[in-house]
Structure formats: structure tokens, C-alpha cells
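One structure is given below, encoded as C-alpha cells.
Quick caveat: nothing in here was measured; it's all calculated off a predicted structure.
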Amino acid sequence: QSGDLTGLNLAKKHTQAGVSNYSTGWLDIAISGNFTSTGLVISATSTVSNRFLETVSMLEGTAAVTTMANMFYGCNSLQSVPLFNTAAVTTMANMFYNCYSLQSVPLFNTAAVTTMSYMFSGCYTLQSAAISPVKVSLSLSGCLLSKNSIIDIFNSLATVAGQTITVSSNWGYTLLTTTDREIATNKGWTIA
């Protein structure tokens, strides 16, 4: 068949009684198609997880996708993701929640994003997150960010008021100088 996909949710389980929450055995997923609306979910919060998933390939368009909330939730083995179009995305909440093995995120366009809550919660091995422009509060606490990675994140922040960037509990946090911190604070951000 040809045509566009309106959404994709790989986090559905069978409705048969007695089927409990489970993890798939998928190691790699390749997705090809244009998504015309709504969301794209690879994993989920409490039904089906893909804890063995290591790589994802996005071969075509995500330009119209508006939510990527919970997209890779609980993909414990995922190490990186490809660059895909996020220009229309408004929520990235829990997008990489508990992706323990995630090491890097490419330069996602976050201009339309209004929530990034818990986006990187539990990403203990994350070393770089090239997302821009960041306009809403974001926590990168407890990752493996170096001083330079944190500075890169500060440079990607938009000028705002009343937003917080949390970078504590990263090994590079204690190495930040006053001048480094001013990159964020001069743009109206509170650093935690």
C-alpha cells in the first residue's frame, strides 16, 4: 500500500486476559514512511517496552509529527538515535525516560516544543544532547555531561524568562566557571 501514516504505536499489547506487561526482543527497528499527524511511539510507560532495542532508523518524514512523548520510554539498551525532523513537535516529555545506555542525541529542532519534562530522566550515560533552541525548563541531571557538553547546551538555550536548566550531578558541573554559567543566566535561565 501507499500513503502516509497518521501515527505509529509499537507499545500495544494483546488484550487477552493474563497477558502482563512485557518487553519485546527487538534489537533494531527501521521505520519508513511519512507521518501526517500525531505521535510516534516506540515504547511506552507501562505496557510494552523495548529494553533490548539498540538502534532505530528513520528513513522518511516525521515533519508533521506533533508529539514524541514517551517515544523511547524504557529503551534501556538504546545508545543513539538518528536525526529526524522534529520541527512540528510540541511535546518531548519522557521521550528518553530510563534510556540508561543512551550516549548522544543529534541536533533536534525544539523550536515548537512546549514541554520537555523528564525527557532525559534516567539517562545515566548521556554525554551530549545537541538540541536547539531550548525554550522550556529541562533537566539533564545525573547524566555524564562534561563541562564542554554543558556549555554547548547553555549555548543552545533561547532567551526566556522563568525557565530552569538543571545540569547538577554531571561530572562537568563542578568545573563550570562564573563565565560559563553566565551564558545561561544572561539569557534569563536559572541553573540548578
So K147 and T177, do their side chains get closer than 4.5 Å, heavy atoms only? yes

T125 (side chain) donor-acceptor with S101 (main chain) under 3.5 angstrom: yes

Step by step, work out the side chain to side chain contact (heavy atoms under 4.5 Å, CB included) result for N109 and N85. CA-CA 7 Å; N109 178 347; N85 192 332; 5.9 Å; no

Spatial distance of atom CZ (F154) from atom OG1 (T185) [nearest 0.5 Å]: 8.5 Å

Dump the intermediate steps for side chain to side chain contact (heavy atoms under 4.5 Å, CB included) on L138 and L157, then the final yes or no. CA-CA 10 Å; L138 174 65; L157 299 174; over 6 Å; no

When you measure from the side chain of D152 to the backbone N and O of A130, does any donor-acceptor pair fall under 3.5 Å? no

Those residues at least two apart in sequence (or on a different chain) that pass ring pair (Phe, Tyr, Trp, His ring centres under 6.0 Å) with Y118 are none

Once you round to the nearest 0.5 Å, how far does CG of N98 lie from CG of L102? 11.5 Å

Donor-acceptor pair, side chain of T110 and main chain of V113, under 3.5 angstrom: no

Could you tell me the separation between the CD1 atom of I150 and the CZ atom of R181, rounded to the nearest 0.5 Å? 9.0 Å

For S169 and S141, indicate whether the former's side chain and the latter's backbone hold a donor-acceptor pair under 3.5 Å. no

Assigning hydrophobic clusters by single linkage (Ile, Leu, Val, Met, Phe, Trp, Tyr; side-chain heavy-atom cutoff under 4.5 Å), is L145 placed with Y100? no

Within the distance-only criterion (no hydrogens, no angle test), does the side chain of T90 pair as donor or acceptor with the backbone N or O of T66 below 3.5 angstrom? yes

Any donor and acceptor pair, going by atom type alone, linking the side chain of N170 with main-chain N or O of C143 inside 3.5 Å? yes

Using a 3.5 Å distance criterion without hydrogens, assess whether the side chain of S156 forms a donor-acceptor pair with backbone atoms of I131. yes

dist L140:CG -> C123:SG (nearest 0.5 Å) comes out at 8.5 Å

Connected to L144, directly or through other members, by ILVMFWY side-chain contacts below 4.5 Å are W171, L175

Find the distance between CE (M116) and OG (S139) and round it off to the nearest 0.5 Å. 12.0 Å

Q163 and S137 side chains, donor-acceptor separation under 3.5 Å: yes

Excluding sequence neighbours, so at least two apart, what forms ring pair (Phe, Tyr, Trp, His ring centres under 6.0 Å) with F96? F72, F120

Nearest 0.5 Å, please: how far is NZ in K187 from NZ in K135? 12.5 Å

